[in-house]
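Predicted model, so just to flag it, every value in this text is computed and none were measured. The figures here come from the full heavy-atom set of this structure, side chains too, leaving out hydrogens, waters and symmetry mates.
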Amino acid sequence: MNQPMKFSQLFMPTLREDPAEAEVVSHKLMVRAGLIRKLASGIYSWLPVGLRSLRKVENIIRDEMNRAGAQEILMPAVQPGDIWKESGRWTAYGKELLRFKDRHDHEYCLGPTHEEVVTDIMRREIRSYRDLPVNLYQIQQKFRDEIRPRFGVMRGREFGMKDAYSFDKDDPGAETSYRAMFQAYINIFKRCGLRFTPVEADSGSIGGSFSHEFMVLAETGEDAIVHCASCGYAANTEKAPFVCSAQTQAQDLDAPPYSKVLTPGMHTVEKATKFLNIEAREMLKTMIYKTDNGPVAVLILGDREVNAIKLKKVVGGESDPELAPPSMVQEVTGVPLGFIGPVGLNMPMLADIGVRALGRVATGGNEPEYHIINVVPGRDFSVTEYHDLSAARPGDLCPQCQGTLTIARGIEVGHVFKLGDKYSKAMGATFLNAEGKKDPIIMGCYGIGIGRTVAASIEQNHDESGIIWPMPLAPFEVTVLPLQAQDPEIMAAAEKLYQDLLGLGVEALLDDRDERAGIKFKDADLVGIPFRVSVSRKSLAAGQVEFKERRSSEVRMIPLAEAAQTLLGWRNDQLAQAKA
RNA sequence: CGGGGCGUAGCGCAGCCUGGUCAGCGCACCUGCCUUGGGCGCAGGGGGACGGAGGUUCAAAUCCUCUCGCCCCGACCA
């Protein structure tokens, strides 16, 4: 890693202006500072300086993964379609899976993830419970044909990822593996100098959640997370349980019989509630979803949105439930979009728990151009089951402490997930337990987006002048600037300091270009090297060099003779601090 | 997949509506002088034939058609 590097030889094409195509700071700065270049939409090359930071993230990950007992492997990027058919994902995965055929017309895909491949490895080799547990990981390029690549390396199609897979003989073992990875992730992101929070990504099943996302808090994050200030609870908005703020009410037995109201053209909650002069939450909307187990009706409060992930958990199946297209709605219910209601609807009806909080509601009339009012759940229709089906949102109650949830944005840099026996069962990865009986291996998977972690770090650490690397990710730790490069004395002093730093194991960059001081300063700021040391006529006359910290802008003079040693100490302080 | 925008020199852009010395500006690059602690100044210079294909026209960067690429927004909450 500590390759000597002089600026005059370094391939680091910096740009004075923002690239036209970049939207977010990290993308702009990564291009401007010469870390990356685009080849095609969502496909990037990493140039030397960017690669150095990328490698640092990788090495921190390796270090922590190895320490947690995982072993590194490398699996193929190209995978045969067969194993995907075995797992059932050949059809379930959707368009993000880039498929193609080889010359023999055999089907292949570019791996978006590697559950199938590792499971295949393990099913061939694992015989006995004595062979378990095992945890394997790799750092490799993945390909997902994203609908809309965005934000540079943050949501690319090809991207570097660390993925680990744990194999255990039973649930307690899998839980232990999960916890070890969870802790390793905390260590990793801490060492990367990120401000992050692990977030529950599963709607808390009994015995705790076994899916967490590691979110880096940033304005430009693509994910919304809900957060409770009072107890620290955090969860992905898509997955957070919805705690109904109102108490469950008894049926409103005083309600008059329901009655039809002509509501021509009022096919949205907004229009209908306005027309009926009621609040959106007093309206029950009926959504028809297409699921692997057939169409279902989902009943939910008018001001809420269905969370497809929660729904999937209830209905089961491989693929995500999708909202039924209008034609299908008509076909299944006999009613056009916008007027469906639970009364007289003959199909499975799942209701959100929020519905229970209402004694009487208005709903679609189940007849074109009609709504009905004074509908009492339980009296006028009965639902198949009540479930938590709506997406959480700010203002909801915290599921842990009854505090109020607020919303924040985050970048998902890591995800730990207990898979259970999904793949091992489907692909026949079994072992003989102590009783000599066959059991499926219990798996877990654990991913980290590497390039995304680099981008997230920049998103969190920058100013108007450029990147501000945290020491552990910095492509170079110190840059030495001879301000008058033509002056042999200055150049010699700078060169000596540079060599001394290298000798001490400090990653130094010597800006030996014959450029004006301003240009060197600008580039140093742009690239974000944490420590800058200037050697000039003025400073040299006093036997000193000028030190400037990128982050704090703090400037101080240090004696030239002790400079290397001093910088080493400060650098070590910062590295140690990141670990603590 | 739907909507919108863009493609002119390495980068950032103007020109297009109202076809005809419009191929131009800033930065970068090259040469020389100068300057030397925050992208310095002056002078000179090289580089593109306007994403691609086809068409209209006496004439096309400019108008039309197709095509490729890139970017943004949206993707059905009944």
What is the distance, rounded to the nearest whole Å, between atom CG of A:L337 and atom P of B:C77?
-> 8 Å
Quick one: the side chain of A:K548 and the base of B:G38, do they pair up donor-acceptor inside 3.5 Å?
-> yes
Starting at atom CD of A:Q544, determine the distance to atom C1' of B:G37, rounded to an integer number of angstrom.
-> 16 Å
Report the nucleotide, chosen from B:C40, B:G12, B:C70, that has the shortest atom-to-atom distance to any side-chain atom of A:A20.
-> B:G12
Quick one: is A:R537 getting a side-chain N or O under 4.0 Å of the B:G37 phosphate, OP1 or OP2?
-> no
Specify the separation, in whole Å, of atom CE of A:M12 and atom C1' of B:G39.
-> 13 Å
Selection from B:C73, B:G39, B:G37 that lies nearest to any side-chain heavy atom of A:E23 | B:C73
Any donor-acceptor pair under 3.5 Å between the side chain of A:R532 and the base of B:G38?
-> yes
Does any N or O donor sit under 3.5 Å from an N or O acceptor when you compare the side chain of A:S534 with the base of B:G37?
-> no
Reading nucleotides 25-33 of chain B from the 5' end, what letters show protein touch, with B for base, S for backbone sugar-phosphate only, - for no heavy atom under 4.0 Å?
-> -BSS-----
With rounding to whole Å, what would you report as the distance between B:A43 and B:G19 at their C1' atoms?
-> 38 Å
Compare side-chain N and O positions of A:Q486 against OP1 and OP2 of B:U36 and report whether any pair is under 4.0 Å apart.
-> no
Side chain of A:R516 - closest among B:C40, B:G38, B:G39 | B:C40
Where the side chain of A:S41 is defined as all heavy atoms beyond and including C-beta, which of B:G37, B:G39, B:C70 is the nearest nucleotide?
-> B:C70
Starting at the 5' end of nucleotides 1-10 of chain B, put B wherever the base has a protein heavy atom under 4.0 Å, S where only the sugar-phosphate does, and a dash everywhere else.
-> ----------
Spell out yes or no: do the side chain of A:D18 and the base of B:G12 have one donor N/O and one acceptor N/O closer than 3.5 Å?
-> no
Take atom C1' in B:A53 and the same atom in B:C71, then report the distance between them in whole Å.
-> 24 Å
Are the charged groups of A:R157 and A:D145 less than 4.0 angstrom apart, N to O?
-> yes
With sequence neighbours left out, write down each residue that passes ring-ring contact (aromatic ring centres under 6.0 Å, His included) with A:Y289, or none if nothing qualifies.
-> none
With respect to the side chain of A:K38, which nucleotide from B:G38, B:C70, B:U36 is positioned closest?
-> B:C70
To the nearest angstrom, how far is A:D352 atom CG from B:C77 atom C1'?
-> 13 Å
A:R32 CZ - B:G12 C1' separation (whole Å) = 12 Å
Please report, rounded to the nearest Å, how far the P atom of B:C71 is from the CD atom of A:E21.
-> 6 Å
In whole angstroms, the gap separating P of B:G69 from CD1 of A:I43 amounts to 12 Å
CZ of A:F7 versus P of B:G39: gap in Å, rounded?
-> 16 Å
Would you say the side chains of A:E219 and A:Q460 form a donor-acceptor pair under 3.5 Å?
-> no
B:C63 to B:U18 separation - C1' atoms, rounded to the nearest Å | 12 Å
Does A:F476 have its ring centroid less than 6.0 Å away from the ring centroid of A:W469?
-> no
